[in-house]
2 protein chains.
Amino acid sequence: MVTFSEENYLKAIYHLSKHGSVSVSTNAIAQRMDTKASSVTDMIKKLSEKDLVDYKKYQGVSLTESGRLTATTVIRKHRLWEVFLVDKLNFSWDEVHEVAEQLEHIKSEKLIDQLDAFLEFPTHDPHGDPIPDKQGNFKKTEKMLLSQLAEGETCICIGVKDSSSEFLQYLDKHQIALGTIIKVVSKETFDESMTLQINAEVLAISKEVSNNLFVKAN
Amino acid sequence: MVTFSEENYLKAIYHLSKHGSVSVSTNAIAQRMDTKASSVTDMIKKLSEKDLVDYKKYQGVSLTESGRLTATTVIRKHRLWEVFLVDKLNFSWDEVHEVAEQLEHIKSEKLIDQLDAFLEFPTHDPHGDPIPDKQGNFKKTEKMLLSQLAEGETCICIGVKDSSSEFLQYLDKHQIALGTIIKVVSKETFDESMTLQINAEVLAISKEVSNNLFVKAN
DNA sequence: ATAATTTTTTAGACAAGTCTAAATTTTAAT
DNA sequence: ATTAAAATTTAGACTTGTCTAAAAAATTAT
């Protein structure tokens, strides 16, 4: 039995860890969940006890396979309910979040399976975020160059085409690493330059950069 | 802010007190909620503090107007969700309760208003129980048992008294569902059996069946 | 490399909701 | 009207999830 609170922590860890890959700091979780670091430590211990996260003191946490599945199931439920609220109950896209935060914790596999069918197996929620399947898989998004993205799209850095040390140093300097989430804020047509948002920072890049960075669309 | 637990207590008190009129004993609540009398006393104090019940030590509790409205709102939500589960998500009558017990606590006035409209303002849940309006008023129901009808009368199936899965499966097998129109073709006095017309079919039933099917005379 | 700062954890506390066991009040029985 | 039985409440404890304040570890800066 996973409690509401535990589900919320797992969801937060999932989001902070870019789909459960990297490990997440106590403070990051506390900030995201608007709670205290000490509360996070307490909860992490419980999650660890239940084998939902891997945890070593002072080393941050990461989701176990079981924790990841729990998190994606909650996200799946949240997004399916959002579709329901918008498509069937005439909610506007900005009203759904609060209610979906409650509905996502309802426990019934049949409920969510039937809801999925009733909504005709939607692939994205009203905010455009993808809805994972029952196994927690998001539809395969393939490797592409950053330059291929359109304005507003978000992606994850998964590699470089040019692996010269100059380029790598450039990336390092601008805090772009493997797993970094990059959002394309704007894109100029005439020189193919872009403005990116990386964490809280804004960065302008040339086409030489965007043509040499492999990303995975979100 | 009323908690899930408080809502469950108010609902129990409402049901035990026949629509909030008479006062209810601690033990009766404990028995219905499958909890201990001491826990009930503790909770009653909290509810009394919040002016949801009137309470004098050793004298039992009764709902205040505010408590009654909270209780009927929960019952309204429960029953609307049951209709949703059966009508839209293909749940059978006997599967809905557990899930509705969770859904009834979701807090959103808009959600329940829109759900009501989406379901086209149902007056009864799948068990034939009436759905109160927003003010907590139940529509005067002419609900009766099929066995009370005379030969030649027609009615609409609105619910079951016996909700065992055996009975529900029997009904299912013979194409009797919510909203099914039933005509009493003949009625035997000696064993109270009946012959019904359902759609184009004719069906003979025993008094065990007619005594457990709620209908609304047409 | 040591000191200063930040992050994380621990210790101890609190509210909600529950429990057991004991005390108190009410009700029923003689 | 007393006594026995039943119902109810109190007292003290436990769990979950949170907090503050202090201690410990890790990181950063000098």
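We name chains A, B, ... by the order of the sequence lines, and we start the count at 1 in each one.
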Looking at the side chain of [X], which of [options] is the nearest nucleotide?
X: Thr41(A); options: dT8(D), dT9(C), dT18(C); value: dT9(C)
X: Met43(A); options: dG17(C), dT9(C), dG17(D); value: dG17(D)
X: Tyr58(A); options: dA26(D), dT9(D), dT18(C); value: dA26(D)
X: Glu6(B); options: dG17(C), dT18(C), dT9(C); value: dG17(C)

Checklist entry - Under the 6.0 Å and 45° cation-pi test, does Lys88(B) pair with Phe118(B)? => result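 Yes - Lys88(B) lies over the ring of Phe118(B), closer than 6.0 Å to its centre and within 45° of its axis.
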
Checklist entry - Any ion pair linking Glu101(A) and Lys11(A) (charged N to carboxylate O, less than 4.0 Å)? => result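 Answer for the salt bridge query: yes.
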
Item to check | Short N-O contact, Glu153(A) and Lys187(A), less than 4.0 angstrom | outcome: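 Not counted as a salt bridge, because no side-chain N and carboxylate O are separated by less than 4.0 Å.
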
Item to check | Pair Phe4(A) and Tyr9(A), ring centroids less than 6.0 Å apart | outcome: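 That pair fails the under 6.0 Å test.
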
Nearest-Å distance, [atom1] ([X]) to [atom2] ([N])?
X: Glu49(A); N: dG17(D); atom1: CD; atom2: P; value: 13 Å
X: Asp42(A); N: dT20(D); atom1: CG; atom2: C1'; value: 12 Å
X: Lys56(A); N: dA24(D); atom1: NZ; atom2: P; value: 23 Å
X: Glu7(A); N: dT16(D); atom1: CD; atom2: C1'; value: 15 Å

Next on the checklist: Just to be sure I understand the rule, does Ser5(B) reach a base, reach only the sugar-phosphate, or reach nothing, if contact means heavy atoms closer than 4.0 Å?
Outcome noted: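 Sugar-phosphate, backbone atoms only, no base.
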
Next on the checklist: Taking any heavy-atom pair under 4.0 Å as a contact, classify Phe4(A): base, sugar-phosphate, or nothing.
Outcome noted: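 If one applies the 4.0 Å heavy-atom cut-off, Phe4(A) turns out to touch nothing in the nucleic acid.
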
Item to check | Nearest-nucleotide comparison on DNA chain D, the residue closer to the 5′ end among Lys46(A) and Lys57(A) | outcome: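 Upstream on the strand: Lys46(A).
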
Item to check | Non-hydrogen side-chain atoms of Thr195(A) and Val202(A) separated by less than 4.5 Å | outcome: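 Side-chain contact under 4.5 Å: yes.
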
Checklist entry - With no hydrogens and no angle check, do the side chains of Ser92(B) and Asp94(B) hold a donor and an acceptor under 3.5 Å apart? => result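 Note: Ser92(B) and Asp94(B) side chains meet the donor-acceptor criterion.
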
Checklist entry - Does any residue of residues 24-40 of chain B have a heavy atom under 4.0 Å from DNA chain C, and if so, which ones, in number order? => result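 The stretch gives Thr35(B), Lys36(B), Ser38(B), Ser39(B) as the residues lying under 4.0 Å from the strand, ordered by number.
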
Check whether any side-chain N or O of [X] sits under 4.0 Å from OP1 or OP2 of [N], and answer yes or no.
X: Tyr9(B); N: dA16(C); value: no
X: Tyr55(A); N: dT8(C); value: no
X: Lys45(B); N: dT10(D); value: yes
X: Thr3(B); N: dG17(C); value: yes

Checklist entry - Distance from Glu6(B) atom CD to Leu52(B) atom CG, nearest 0.5 Å? => result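 Those atoms lie 7.0 Å apart.
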
